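As the structure is a prediction and not an experimental result, all values here were calculated from the model. Lettering follows sequence order; numbering is per chain, from 1.
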Amino acid sequence: MCGIVGLHLRNPELYPRLGELLAGMLTAMEARGADSAGIAVYGDPQWSPPGQSTISLIDVGESPEQVTEALGARLDTEITVIARDVTYLVSAPTTPEALLAAAKAVYPDALVGGFGTDVAVLKGVGTPTSLVENWGLVGASGWQGVGHTRMATESAVTPSGAHPYAVGPDQCLVHNGSFANHAGIRRDLRAAGVEFDSENDTEVGARFVAHELAAGSDVEQALTDLTTTFDGFYTLLVSNSDSFAVVRDAIACKPAVIAETADWVAMASEFRALAHLPGIDDARIWEPEPEVVYAWSREAVPA
Amino acid sequence: MSDAPTTFDLSTVSLRDVNGALHADGIDGQFVITNPQGAHNVAVGVNSPVEIIVHGHVGYYAAGMNQKAEITVNGNAGQGLAENMMSGVVHVTGDASQSAGATGRGGLLVIDGNAAARCGISLKGLDIVVGGSVGHMSAFMAQKGRIVIRGDAGDALGDSIYEARLYVRGEVKSLGADCIEKPMEAEHLEELAGLLKAAGYDDDPATYRRYGSARNLYHFQAHNSY
């Protein structure tokens, strides 16, 4: 089954409430998936400090102090580590690529949950309610957040099987459904030099989108190409620092609801997850059409 | 109705208690449900001639299996709206998600907004009137009953349809296997006028087209054997 949620805030007055609103959305989708969950928060000043790069490391196997010391020595700079449940949010005044390379060199066995300059990705095993508590999500702020509640069907219940899949800088993908032809696409991407962390079908979708974006496509084009390349059932929510997009497969059996007001755009598997959002009674609410890419960007929002 | 309606606030009363009260023997009168907040299974399995008004959006299977009751949802409905309803009236003022009226046996389902994919799938006698458009695969394998679509229909309308009758005012993106356009005779204009009137619309029936089964799939064809 699985549940997905996303909130793209337009009104900066709501930024301090991002974590609280996202927590309500995620826990409302617990009935769709209660074995594991994950979130991506864009713009929290503690979790992804401005002017620095942040990487999410999961199951590192060392204490935060050891990570601070080891990565600090490797990069020769000041490192901060925030530990939340099994996720370490590691920030440093360097590029995302340099931080990623250092983390992979020092901790080759740790899972990289996500990386970039704006995003903090947290994943874990357990109910969404307990994870929201362990993460301290209610206290988080920012301009955008996405989340996923998982009911595992095709790979193990582990943090690496939990969504979001955040495989490009500040990019994130959450998925409700399953891809049928991911093995062949993974093979093609590997042949093109793309590396994979898992055998999970959703990771293939995330790597495909990241590969297209790196080659110069915009989000709409990348998702349109995804609909013609992938076979299977999916509702996808794809985000990066400045965009938020939704697409469903042609069969459209996986649910999705979009709501939009002047203050925010929100998407969820079910309306239940949107019912608590401020101004929902006056929102425009609709079900996205199959194979239509819906995308919003921060630039398009009037100041 | 002289008695004041019984009101249930779903933010304070459990859905199980509300549905339990609606299943009690011998009830009549009017019931109002507030703050559904997208809950699933609101007012399912009612089997009494009551009037139920829901203020707000509901989740999956709202008014499912309804018998005798007249249920109005002032809002949107999730998937499986009025699934397998037997009789009575279900009216949604907003949109409905996929599989609205699936397998419905009887009564009238009115959706003022749009219905998503698979509206009226495997219909078995229910009448459905949709104020807006319907999504793909609507009326798939529909056996009996009527579907009126005031807007457009998505891909594969009426695929593998049996004897249900489809009336569409707008565009049909494509017809499914064995579904064809059929002539509008006086009998059909009269039938459609009655359905529109029952749903509260006054469109000219002559602006609609009728679709139904070509009946080519009813019999085994030797060239389909292996």
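Shortest non-hydrogen contact noted between B:Ala39 and A:Arg272 is N-CG, 4.2 Å. Taking both residues in full, the closest heavy atoms of A:Glu287 and B:Gln98 are given as OE1-N, 4.2 Å, listed atom of the first, atom of the second, then distance. The heavy-atom pair separating B:Arg118 from A:Ala252 by the smallest distance is NH2-O, 3.2 Å. The nearest pair of heavy atoms linking B:Tyr60 to A:Pro255 is OH-CG, 3.4 Å.
Around CD of B:Gln67, the count of heavy atoms belonging to other residues, nucleotides or ligands within 6.0 Å exceeds 12. When the shell of 6.0 Å around CZ of A:Arg84 is examined, it contains more than 12 heavy atoms from other residues, nucleotides or ligands. No more than 12 heavy atoms of other residues, nucleotides or ligands sit less than 6.0 Å from atom OH of B:Tyr162. Counting non-hydrogen atoms of other residues, nucleotides and ligands closer than 6.0 Å to CD of A:Glu220 gives a total above 12. Shown here is A:Phe233, whose CZ atom has no more than 12 heavy atoms of other residues, nucleotides or ligands within 6.0 Å. For B:Gln221, the CD atom sits in a packed shell: over 12 heavy atoms of surrounding residues, nucleotides or ligands are nearer than 6.0 Å. The neighbour count for A:Glu20 CD, taken as heavy atoms of other residues, nucleotides or ligands under 6.0 Å away, is above 12.
The CG atom of B:Asn76 sits 7.5 Å away from the CZ atom of A:Phe271 when rounded to the nearest 0.5 Å. For the atom pair SG (A:Cys253) and CD (B:Gln79), the distance works out to 9.0 Å, reported to the nearest 0.5 Å.
B:Gln37 and A:His276 share no side-chain donor-acceptor pair at under 3.5 Å.
Residue A:Ala273: no heavy atom, backbone or side chain, is found under 4.5 Å from chain B.
Within the 3.5 Å criterion, the main-chain N or O of A:Ile251 finds a donor-acceptor partner in the side chain of B:His136.
By the 4.5 Å heavy-atom criterion applied to side chains, B:His57 and A:Ile285 are counted as neighbours.
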